[in-house]
Each structure stands twice: as C-alpha cells, then as structure tokens.
Amino acid sequence: MKRRLNKSVPCALAGLLLAGCATTPPPRPDYTNFRQFHPRSILVLPPVGEGTYNYLSTVTRPLAELGYYVFPVALVDQILKNNGMPYPGDMHQTPLAKLAELTGADAVLFLTLNQYGSRYQLDKFSTTVSVAGRLVDVRSGLTLWEGSGSAYEDSDMETEYDSDKGFFANILNDILSDFFSAAIDNAIYGRSDNAHALCDDANKELFFNPGYGLLYGPYHPHYGAEPPSSWFE
Amino acid sequence: MSSRRCWRTVCRRILPLFLFATLSVLFAGCTSPDIYSWGRYEDLLYASYARPEKASAEVQVERMEADYKKACARNQRVPPGFHAHLGHLHAQLGRLDEAHKQFEMEKTEFPESAVFVDQLIARLNKHETAAK
C-alpha cells in the first residue's frame, strides 16, 4: 500500500503540472479601477494599425449592447480630423483633456489592430483579425481595463472533407459555408473584404469573453451585476 | 450483429447532431435580446469608408430614416450615435432644420452626448448665421 502511494503521488503531481502547462489562461484583468470609475460613455478612437476604417464600423454594436453610450464613430473621426488630428496615430497622442473638451466622454477606448487582412501561405488563403484594446478614464487617466481578441479563418477548410466530422456534418458545413460566402459576396454594402467578416468574432472575444471582457454599462438590464466568469457558471 | 452496429451509428453520429441542434436552439432562446434596433447603421458606416460611391449622404439618410421608422413601429430604440450621425448627414445636405431636430433627439435619448452635441449645434448655428 505504502509503495503504491509513493509511486502515485509523483505521478499525480506530474499530471497536475502538465495539465497546468497546457491550459494556463492569461491573467485576468483587475477590475478595481473599472468599478471605481465606472464610465457611462465611451469614446472610441479610430484604431491604429492596418484596416482602421474597415474595422471601425463594427465596434459600436458590442459596446452599445453592453450598455454604454458610444459616440458616433464616423462623426468623431471627422471632428478630430477637423481639429488638427489627421491620422489615428495623432488622435491616440492627443491629451485626454482635449478629447474630454471635444466630446465630454467618461472613458476613451484605444484600439490597436495587430493584424487585419488575408494572405496566401503556400497553398491556403488565411485571414486574420487581431485587436487589442485599452479603456482609459478621462479624468484620472487611469487604465480601467485591457484586453485582446482575434479571429482566424483558412479558406481551404471549407471545401475539404473532414473525416472526423462524419458525412452529415460535412454536408451541413458545405451548405452553411456556401450560403454565407454567397451572402457575403452578394451584399450590396460590399462586405467582400474577408477580414471584415471576422471582426464580429474578434470583438466578441475582446469585449464579451467571460472574466476578461467589459463590465455591463448603465443601459444594460444587468448593470451593476457581475458578468459570469465563465459561460457555465 | 447488424442491429448493434446500427445502434452504434445512431449513438455516435445521429445523437450528437440531434443534441447539438437541440442545445443550439435552447441557447439561442436564452441569449438576451438586443437593447437597440440596429437596422443598417453599421453596414452604412462600413460602406461610407469601403465603397463611398454606394453610400452617399442621400443614400445614407434615406436608409437610416427608413430604419428609424421600422424601429419606432416595433417600439424599439435606435442605437447611441444614430441621431447625431443622421443629423450630421442632414447638415451636409443643407437641411439645417432637420439636422437641429436630430441633434436634439440624440441629446434627449442619451444625455451623455450633451457636450458633444452642443458643439455640433453651435457649429450649425455659426454656419446658419454665416449663410444669412
């Protein structure tokens, strides 16, 4: 009995360690400042990086549906340009006091697009959107929250037969992907840019990821309640 | 023997699919409904950058007015920024009264916008007096 125990303890420890290595999640953001300076309104500056204006139109909805007042992004862009900030980089460098004077915002969201677009890699066509965000309190200058999100798609995967999935799942997959690509191509608004279709997924990870996303804002019915730390709690 | 195989197929292939379908319907029912009626607001914003020739101020105004009517008919709110954006489009087209009306609506719906909208109104007034 004693011998067995001696063997099983190191085994279990090693197993725990390995399991820890495989699934260590990134550290959770600290919400202390967020709770203290809980903003009502968020000013979204056009992101720095590639694909600024293709991405910009997708950011209002998640923030507004979380319960925040979001300043009209296109109009803000124009007003800032009129005030001597021609590029997103200039807007990000502008003192918070100036941004507060122009908009009266409680918090400013600084976004960086680390990756936006499609590229050919050997035989496949892959598309990535990767975005990082930092929410800053206008009056105190303190960072309230930081996060990141990304979405990735390989165009080859849609047509290949995936033997793990089974016959019907493959057919379903084909039908769905045909339907969506047709819908995207045909959209009169020109959603032909592949990366644009991934923005919603990247934003979902950035803003809604339980335990990492934003707290609910004042227009949300759950304002004041803690968001779940995981979908299964 | 063959009936056992048949059962295995049912368990392995069809049951998971059935479960998945049921769960996804359930979860779809659980997600909280949107706070706002979005219409084509974000699509128009995207088009105004990606394909400006397809989203002139006239086109945007026409679509947004139609979306606003739809939202009102369903007793839903339009999203933050909607009225301010629409007001700005009206101003671009020279319809200053309509622009004023939209800016005021933004302020009434969302008091957080007051500082921003008041400056838009001030600019509009300056423009008006300059025109006279």
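All values below were derived from every heavy atom in this structure, side-chain atoms included, with hydrogens, water molecules and symmetry-related copies excluded. These figures come from a predicted structure and were not determined experimentally. Order of the sequence lines fixes the chain letters, A, B, ..., with proteins taken first and strands second; residue numbering starts at 1 for each chain.
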Asker: Could you tell me whether A:Lys204 atom NZ has more than 12 heavy atoms of other residues or ligands within 6.0 Å of it?
Answerer: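 Not more than 12 within 6.0 Å, no.
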Asker: For A:Phe34, what residues pass the ring-ring contact (aromatic ring centres under 6.0 Å, His included) criterion, not counting sequence neighbours?
Answerer: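 Only A:His38 meet the ring-ring contact (aromatic ring centres under 6.0 Å, His included) criterion with A:Phe34.
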Asker: When rounded to the nearest 0.5 angstrom, what distance separates CH2 in B:Trp38 from OG1 in A:Thr60?
Answerer: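 If we round to the nearest 0.5 Å, B:Trp38:CH2 and A:Thr60:OG1 are 5.5 Å apart.
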Asker: Contact part of B:Phe82 toward chain A, heavy-atom cut-off under 4.5 Å: side chain, backbone, both or neither?
Answerer: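 No part of B:Phe82 comes within 4.5 Å of chain A.
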Asker: More than 12 heavy atoms of other residues, nucleotides or ligands under 6.0 Å from CZ of B:Arg123: yes or no?
Answerer: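 No, CZ of B:Arg123 has 12 or fewer neighbouring heavy atoms, counting only those of other groups under 6.0 Å.
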Asker: Tell me, side chain or backbone of B:Leu89 under 4.5 Å from chain A's heavy atoms, or both, or neither?
Answerer: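 Neither part.
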Asker: Could you list which of residues 129-146 of chain A have a heavy atom closer than 4.5 Å to any heavy atom of chain B, in residue-number order?
Answerer: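 Within residues 129-146 of chain A, near chain B: nothing under 4.5 Å.
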Asker: Has the side chain of A:Glu65 got a donor or acceptor atom that lies under 3.5 Å from a matching backbone atom of B:Tyr36?
Answerer: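 The answer is yes, because a donor-acceptor pair under 3.5 Å joins these two groups.
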Asker: Report the distance from atom OH of B:Tyr49 to atom CG of A:Leu56, rounding to the nearest 0.5 Å.
Answerer: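 B:Tyr49 atom OH to A:Leu56 atom CG measures 5.5 Å (nearest 0.5 Å).
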Asker: Can you say whether B:Glu112 sits under 4.5 Å from chain A via the side chain, the backbone, both, or neither, judging by heavy atoms?
Answerer: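 Contact with chain A is through both the backbone and side chain of B:Glu112.
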Asker: Any side-chain heavy-atom pair from B:Phe110 and A:Arg40 closer than 4.5 angstrom?
Answerer: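 Answer no - side chains too far apart.
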Asker: With a 4.5 angstrom heavy-atom cut-off, which part of B:Glu109 approaches chain A: side chain, backbone, both or neither?
Answerer: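 Backbone of B:Glu109 only, per the 4.5 Å heavy-atom cut-off to chain A.
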Asker: Quick one: pull up OH in B:Tyr46 and OH in A:Tyr53 and give me the separation to the nearest 0.5 Å.
Answerer: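 OH of A:Tyr53 is found 15.0 Å from OH of B:Tyr46.
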Asker: Between B:Glu42 and A:Arg61, is there a salt bridge with N-O shorter than 4.0 Å?
Answerer: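 The answer is no: the pair does not qualify as a salt bridge.
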Asker: Quick check on the structure: residues of residues 67-80 of chain A within a heavy-atom distance below 4.5 Å of chain B, by number.
Answerer: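 Result: A:Gly67, A:Tyr68, A:Tyr69, A:Val70, A:Phe71, A:Pro72, A:Val73, A:Ala74, A:Leu75, A:Val76, A:Asp77, A:Gln78, A:Ile79.
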Asker: Hey, what do you get for CG (B:Asp43) to OG (A:Ser57), rounding to the nearest 0.5 Å?
Answerer: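 OG of A:Ser57 is found 8.0 Å from CG of B:Asp43.
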Asker: Can you tell me which residue pairs pass the side chain to side chain donor-acceptor pair (under 3.5 Å) test with a partner in residues 83-101 of chain A, sequence neighbours excluded?
Answerer: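 Not a single pair qualifies under side chain to side chain donor-acceptor pair (under 3.5 Å).
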